[in-house]
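One structure is given here, and the rest of the page talks about it.
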Amino acid sequence: MMLPFVHGKRGAAVKRSCQYCGRIHEDGTACPQRPRRRKKSRREDAFRNSYAWNRKREQIRLRDFGVCRVCLAEGAVCFANLSVHHIVPLAEDFELRLQDGNLICLCQRHHEAAEAGRIGRRELSRLARTPPRGPWAAKS
């Protein structure tokens with residue numbers, strides 16, 4: 001087995017500058033400042049790749065007429081970068097994963113705001129329970 005070659009010395013440990021703390025560590029040493037990766041649930045990953053989720057996601061997009069419901073409530077219409085958001089996250093209550101009242105169509109900006117808690121769950125639930133209003137929606 002060959003030992004690392006550093007500046008003419010065989011067997012000397014290679015040291016590198018750490019991108020997390022800025023200090024020098026031996027190569028292969030774990031820095032305590034390195035952020036820990038959060039393990040995702042295999043159950044959640046399997047669900048996100050399921051036929052049931054893909055079908056439900058399309059149903060919610062059709063229900064919401066393919067627009068961001070928060071933008072629509074603010075008087076704007078946004079069709080770009082839409083995703084279907086779980087109001088109560090899968091990790092909190094997996095049983096609500098396919099419930100219409102827990103799903104809402106959001107643009108990227110509002111999805112990030114909802115994930116960060118800047119848009120309350122109560123408001124999102126209210127929007128998800130009421131039919132969208134707009135010139136394309138059926139009059140009731």
Side-chain angles (χ1 to χ4, degrees):
M1 178 173 123
M2 282 290 277
L3 295 175
F5 183 77
V6 179
H7 302 291
K9 298 179 186 174
R10 284 194 182 269
V14 176
K15 295 187 177 190
R16 299 187 191 270
S17 175
C18 178
Q19 65 181 1
Y20 304 107
C21 69
R23 298 192 349 241
I24 305 294
H25 299 294
E26 287 188 19
D27 195 22
T29 304
C31 176
Q33 298 295 319
R34 181 178 180 176
R36 302 278 183 240
R37 284 189 146 206
R38 191 183 77 178
K39 289 185 180 180
K40 288 190 175 184
S41 164
R42 289 178 190 251
R43 181 172 68 160
E44 292 169 19
D45 290 340
F47 167 70
R48 284 199 172 95
N49 294 318
S50 72
Y51 174 75
W53 170 241
N54 287 320
R55 211 171 80 204
K56 179 55 83 172
R57 185 176 57 212
E58 287 308 311
Q59 288 173 357
I60 297 301
R61 286 180 190 221
L62 289 172
R63 178 197 74 185
D64 292 346
F65 297 102
V67 297
C68 173
R69 294 294 302 274
V70 176
C71 287
L72 191 61
E74 294 172 348
V77 178
C78 177
F79 297 98
N81 298 321
L82 295 177
S83 60
V84 175
H85 172 69
H86 285 90
I87 298 167
V88 176
L90 294 174
E92 267 183 49
D93 193 346
F94 192 73
E95 297 305 312
L96 296 176
R97 67 191 177 277
L98 295 173
Q99 299 297 318
D100 288 353
N102 188 45
L103 300 168
I104 189 166
C105 202
L106 298 175
C107 65
Q108 182 177 352
R109 179 172 63 104
H110 287 122
H111 195 184
E112 290 172 3
E115 291 286 333
R118 294 189 303 271
I119 302 174
R121 289 183 185 178
R122 184 174 289 163
E123 175 65 13
L124 292 172
S125 292
R126 185 186 65 77
L127 290 171
R129 285 191 314 269
T130 58
R133 292 197 169 89
W136 57 87
K139 305 285 182 197
S140 21

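The structure presented is a predicted model; accordingly, all values stated were derived computationally and were not measured.
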Using a cut-off of 6.0 Å, state whether more than 12 heavy atoms not belonging to Arg121 lie near its atom CZ.
->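 More than 12 heavy atoms, drawn from other residues, nucleotides or ligands, come within 6.0 Å of this atom.
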
List for me each residue that meets side-chain hydrogen bond (donor to acceptor under 3.5 Å, both in side chains) alongside His86, sequence neighbours excluded, and say none if there are none.
->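 His86: no side-chain hydrogen bond (donor to acceptor under 3.5 Å, both in side chains) contacts found.
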
Counterpart residues, side-chain hydrogen bond (donor to acceptor under 3.5 Å, both in side chains), relative to Glu74 (two or more places apart) |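 Expected list: none.
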
What residues join Val70 in its hydrophobic cluster, counting side-chain heavy atom gaps under 4.5 Å, either direct or through other members?
->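 Ile87, Ile104, Leu106, Ile119, Leu124, Leu127, which link up through side-chain heavy atoms under 4.5 Å apart, make up the rest of the cluster.
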
Considering only Ile, Leu, Val, Met, Phe, Trp and Tyr, and joining two whenever side-chain heavy atoms are under 4.5 Å apart, list the other residues clustered with Leu90.
->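 Listed partners: Phe47, Trp53, Ile60, Val84, Phe94, Leu98, Leu103.
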
Is there side-chain contact between Cys68 and Leu82, with at least one heavy-atom pair below 4.5 Å?
->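 Side-chain contact under 4.5 Å: yes.
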
Within the side chain of Asp93, is there an N or O that forms a donor-acceptor pair under 3.5 Å with the backbone of Pro89?
->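 No; zero donor-acceptor contacts below 3.5 Å.
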
How long is the straight-line distance from [atom2] of [Y] back to [atom1] of [X], given to the nearest 0.5 Å?
X      : Y      : atom1 : atom2 : value
Cys31  : Arg23  : SG    : CZ    : 7.0 Å
His85  : Cys107 : NE2   : SG    : 12.0 Å
Arg122 : Arg126 : CZ    : CZ    : 11.5 Å
Ser50  : Arg55  : OG    : CZ    : 10.0 Å
His111 : Cys105 : NE2   : SG    : 10.0 Å
Cys78  : Arg69  : SG    : CZ    : 14.0 Å

What closest approach, in Å, do His25 and Cys18 show between heavy atoms, and which atom pair accounts for it?
->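 Between these two residues, the closest heavy atoms are CD2-CB, 3.3 Å.
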
Taking all non-hydrogen atoms of both residues, which atom of Phe79 and which atom of Gly66 are closest, and how far apart?
->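 Heavy atoms of Phe79 and Gly66 come nearest at CD2-O, 3.3 Å.
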
Inter- and intrachain pairs under side chain to side chain donor-acceptor pair (under 3.5 Å), touching residues 98-109, at least two apart =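 Applying side chain to side chain donor-acceptor pair (under 3.5 Å) to every pair that reaches into residues 98-109, excluding sequence neighbours, yields Lys56-Asp100, Gln108-Glu112.
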
Non-neighbouring partners of Gln19 that pass side-chain contact (heavy atoms from CB on, under 4.5 Å), sequence neighbours left out =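 Partners of Gln19 under the side-chain contact (heavy atoms from CB on, under 4.5 Å) test: none.
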
